[in-house]
Amino acid sequence: MNLVAELKKYFGFTSFKPGQEEVICSILSGRHTLAMLPTGTGKSLCYQLPGLMVQGHVLIISPLLSLMQDQVEQFKRFGEKRVVALNSFLTIDEKKMVLRNLRKYKFIFISPEMLQVPYIIQKLQELTLSLFVIDEAHCISQWGYDFRPDYSRLGEIRKRLGNPLTLALTATATRKVLNDIIYSLDLEDVTKIEYSVDRPNIALVVEEAAAGRQREERVLELVSQLQKPGIIYFSSKKTAEQMASLIADRGLCKVSAYHAGLDQASRTLIQQQFLYNQLDVICATSAFGMGINKENIRFIIHYHMPMQMESYLQEIGRAGRDGLQSIAFLLYSSGDELLPIQLAESELPSEQQVAWLFHKLEENQMFITDKGIVEQHLRDIGGFSEIQWRIVEQFFKNERHGPNFNKLQEAILTYVKERMRVKKNHIARMKNWIESTCCRREYILQYFEETLSRKISPCCDCCGIELESFQSFAKKHDTLIESTWQEYLSEILINESQNYEK
DNA sequence: CGGTAGCAAGCTACCTTGCTACCGGTGCTGTAGT
């Protein structure tokens, strides 16, 4: 079979990007496939093309509503109309209509949460699924344990849908995460297609900067000097807002903050503005980035340290998709790990909370409803967050023969302890990387159980790096006052030719 | 947990120190008969 001809026929492209063909061949030969392809290699094509080539429906599990909408639009641009996102953006009437005519849709996008709705499952069971796709599959491991538990139930859903041929796609996963995905989906005989997580055109820099004023000043300096566009990541919405204001006040560039506290309309607007170069810099929390396909991002700055290496790589991986030289800065000072630790702790119920809850329950058995679930109002008095409560609730739901409080409490505490150990371990490894003085790229690859095939330059601060080459033309111009007109002219020509390459 | 903002007191002329309170991310969602 000539895959390139098929590619040309459906999409008009004349060649595949690295990994695509391999994944598609694996799928077409009927093997469950787990693909780790570098960011920006067009992972969607890996299910789009085989989906079009074979009979039956393709179900794509996607983590974000906005991502689904984008993908649907992308399909429609290619002229494929048999595509739908089955989510809460649909009105009740629309949803009824879609479900009634589900057969008409070749590609169905859906969230893991929606897959928990019995009626939806029932409708999906009536279809012949040719492919079950999990986009951003690392979410299973990263979110499935607490934040979005429905991610950890996809394996069960897969079975109920008749064990369809499965494709899991991700860009950043350790061996452990890959195994976690396979285990969670309960896949047997998986073909793993793994490409390197390394992005050689992104230079890595970690810099000491005391939290507060000093770090702010450094960010302002970087923003004024570095080639834009860029993203600055924060672990706090407020700090992101403040930094955005500061940059705007100094008139450094067009900037906006982006976080989950904004309404959907603003979020979409900001994303679009950034995409179309109406904004140079985004001060964002981790809410920003998934599904951002902007080619020319030149820098990523981390104002706060991420909670794990995988997140860090995902975030810096948004730079330099055009293949041109880009840079990632992480600003750090000792003690920074306390914020991620605090965030990690806040997503698990504390020992005190659990003890309090069971004390209440022993006091009064009526707090358990006839469905075997704990009364909601205990959640509020106990100060449980939505996520914390869900974890507790899950343990009660799984207890089929009436709860044994002692056993349950112990089970919950053991679980929480283990999860916290894992999270703290992630943070510790991140901190080790930051404090390491060995080549940062080599360390990252080691973490992902790869080896560095060749030395690159520029590489990282530990290998030595000339920051000047990352400065924008305007800045260079300022500092080149004393240079000759020949040098000045060559600057212009180099910059122009770089522009043409884009 | 530890940084920081806000305020008041202390000390000296506008600047320093000390106390308290507060904060810190990610997203989906039918508890229905088509």
Side-chain angles (χ1 to χ4, degrees), chain A residues 61-69 85-102 109-123 126 136 138-139 141-154 209-216 233-242 257-264 267 283-291 302-308 310-312 314-315 333-348 350 369-371 373 376 385-388 390 397 423-424 426-427:
Chain A
I61 290 87
S62 171
L64 301 180
L65 300 180
S66 58
L67 215 59
M68 295 184 210
Q69 303 303 113
L86 197 46
N87 61 34
S88 60
F89 281 175
L90 300 174
T91 63
I92 292 184
D93 286 342
E94 285 170 335
K95 203 179 279 174
K96 279 182 184 170
M97 181 78 104
V98 169
L99 285 171
R100 197 162 32 210
N101 299 302
L102 207 52
F109 289 86
I110 197 164
S111 69
E113 285 80 7
M114 195 67 121
L115 277 176
Q116 290 300 309
V117 178
Y119 182 58
I120 303 272
I121 287 288
Q122 191 190 319
K123 294 307 271 184
E126 291 168 12
E136 309 286 357
H138 57 273
C139 292
S141 183
Q142 207 165 311
W143 285 349
Y145 292 99
D146 26 57
F147 182 50
R148 292 180 68 179
D150 293 320
Y151 255 108
S152 62
R153 300 187 188 118
L154 290 178
R213 191 46 51 79
Q214 195 194 329
R215 197 173 296 179
E216 274 174 14
Y233 276 105
F234 300 82
S235 299
S236 147
K237 296 186 258 195
K238 206 171 138 193
T239 319
E241 292 270 4
Q242 284 165 348
Y258 183 103
H259 51 74
L262 303 173
D263 58 81
Q264 195 52 55
R267 287 177 68 163
C283 293
T285 60
S286 54
F288 187 76
M290 224 188 251
H302 278 89
Y303 187 98
H304 291 126
M305 69 180 271
M307 302 201 40
Q308 56 183 82
E310 288 95 319
S311 314
Y312 176 73
Q314 276 154 26
E315 286 163 0
S333 69
S334 171
D336 278 7
E337 69 278 9
L338 293 168
L339 177 53
I341 286 177
Q342 186 51 40
L343 287 173
E345 268 169 3
S346 70
E347 62 190 346
L348 295 164
S350 70
T369 65
D370 42 5
K371 281 183 185 165
I373 295 168
Q376 272 289 317
S385 72
E386 185 191 343
I387 301 164
Q388 292 168 335
R390 220 167 25 206
K397 276 185 192 161
K423 284 170 198 283
K424 278 194 171 154
H426 282 148
I427 297 167

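The shown structure was predicted, so the numbers you read here are calculated from the model rather than taken from an experiment. First the proteins, then the strands, lettered A, B, ... as listed; each starts at 1.
Among the nucleotides B/dG3, B/dG27, B/dG25, the one closest to any side-chain atom of A/S286 is B/dG25. With B/dC28, B/dG25, B/dT26 as the choices, the nucleotide that has an atom nearest any side-chain atom of A/R148 turns out to be B/dC28.
If you measure from atom CD of A/E347 to atom C1' of B/dG27, you get 13 Å, rounded to the nearest angstrom. Following rounding to the nearest Å, A/Y151 (OH) and B/dT26 (P) show an atom-to-atom distance of 17 Å. Rounded to a whole Å, the NE2 atom of A/H304 is 13 Å from the P atom of B/dT26. Rounding to whole angstrom units, NZ of residue A/K424 and C1' of B/dC1 are separated by 11 Å. The CD atom of A/Q388 sits 16 Å away from the C1' atom of B/dG27 (whole-angstrom rounding). Put simply, CD1 on A/I92 is 14 Å from C1' on B/dG33, counting in whole angstrom units. As rounded to whole Å, 12 Å separates atom C1' of B/dG25 from atom NE2 of A/H302. The interatomic distance linking A/L67 (CG) with B/dT26 (C1') rounds to 14 Å, in whole Å.
The gap from the P atom of B/dC11 to that of B/dT16 amounts to 15 Å, rounded to the nearest Å. Only the P atoms considered, B/dT29 is 23 Å distant from B/dG25, to the nearest whole Å. To the nearest whole angstrom, the two P atoms, one in B/dC22 and one in B/dG27, are 27 Å apart. Nucleotides B/dC14 and B/dG10 have their C1' atoms positioned 13 Å apart, rounded to a whole Å. B/dG33 and B/dC28 have their C1' atoms separated by 24 Å, with the value rounded to a whole Å. Rounded to a whole angstrom, the distance from the P atom of B/dA8 to that of B/dA13 is 23 Å.
Checking A/Q242 against A/L86, the closest nucleotide of DNA chain B that is more toward the 5' end is the one next to A/Q242. Residue A/A287 is the one, among A/A287 and A/K96, whose nearest nucleotide of DNA chain B lies closer to the 5' end (criterion: closest heavy atom).
In this structure, A/E386 reaches the bases: a heavy-atom distance under 4.0 Å links it to at least one base atom across the strands shown. Using a 4.0 Å heavy-atom criterion, one finds that A/Y119 contacts the bases of the nucleic acid, with or without backbone contacts as well. Heavy atoms of A/R390 sit under 4.0 angstrom from at least one base atom. Within the 4.0 angstrom heavy-atom criterion, no nucleotide atom of any strand lies near A/L99. Note on A/P63: only backbone sugar-phosphate atoms sit closer than 4.0 angstrom, heavy atoms only; bases stay farther off. Nucleic acid contact class of A/H259 (heavy atoms, under 4.0 Å, all strands): sugar-phosphate only. Among the atoms of the strands shown, only primed sugar atoms or phosphate atoms (P, OP1, OP2) are found under 4.0 Å from some heavy atom of A/G212. The residue A/Q116 sits apart from the nucleic acid: no heavy atom pair falls under 4.0 Å. A/R153 comes within 4.0 angstrom of nothing in the nucleic acid, heavy atoms only. Contacts of A/K95 with the nucleic acid, taken as non-hydrogen atoms under 4.0 Å apart, include base atoms. Nucleic acid contact class of A/M290 (heavy atoms, under 4.0 Å, all strands): none. Residue A/D150 is out of contact with every strand shown, counting any heavy-atom pair closer than 4.0 Å.
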**Report entry** salt bridge (charged side-chain N to carboxylate O under 4.0 Å, His left out) assessment of A/K237 paired with A/E241
**Finding:** CA-CA 6 Å; A/K237 296 186 258 195; A/E241 292 270 4; over 6 Å; no
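Counting heavy atoms from C-beta on, the side chains of A/L90 and A/M97 never come closer than 4.5 Å. A 4.5 Å side-chain heavy-atom check between A/P63 and A/W143 finds at least one atom pair inside the cut-off. You'll find the side chain of A/Y303 reaches within 4.5 Å of the side chain of A/E216, heavy atoms only.
For the contact set between residues 337-346 of chain A and DNA chain B, defined by any heavy atom under 4.0 Å, the members are A/L338, A/L339, A/Q342, A/L343, A/S346.
Once the 5.5 Å centre distance and the 30° plane angle are applied, the aromatic ring of A/W143 is found not to be stacked with the base of B/dT26.
In this structure, A/S235 does not reach the B/dG24 phosphate: none of its side-chain N or O atoms is under 4.0 Å from OP1 or OP2. For A/S88, no side-chain nitrogen or oxygen approaches OP1 or OP2 of B/dC28 to under 4.0 Å. Between A/K238 and the phosphate of B/dG25, there is no side-chain N or O to OP1/OP2 separation shorter than 4.0 Å.
Judged as a salt bridge (Lys or Arg N to Asp or Glu O under 4.0 Å), and not counting sequence neighbours, the contacts of A/K424 are A/E345. With sequence neighbours excluded, no residue satisfies side-chain hydrogen bond (donor to acceptor under 3.5 Å, both in side chains) with A/E126. Remark: A/R148 pairs with A/E113 by the salt bridge (Lys or Arg N to Asp or Glu O under 4.0 Å) rule, at least two apart or across chains. A/S235 is linked by a side chain to side chain contact (heavy atoms under 4.5 Å, CB included) to A/H304, A/L339, A/L343, counting only residues two or more places apart in sequence or in another chain. Remark: A/S334 engages no residue in a side-chain hydrogen bond (donor to acceptor under 3.5 Å, both in side chains) (not counting sequence neighbours). With sequence neighbours left out, the side-chain hydrogen bond (donor to acceptor under 3.5 Å, both in side chains) criterion links A/T285 to no other residue.
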Considering only distance and modelled atom types, tabulate donor-acceptor pairs under 3.5 Å from the side chains of residues 114-123 of chain A, sequence neighbours left out.
none

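Stem analysis of DNA chain B (at least three stacked-register Watson-Crick or G-U pairs, each with both distances under 3.5 Å) gives B:1-10 with B:15-24.
Checked by atom type, the side-chain pair A/H302/A/E315 shows a donor-acceptor distance below 3.5 Å.
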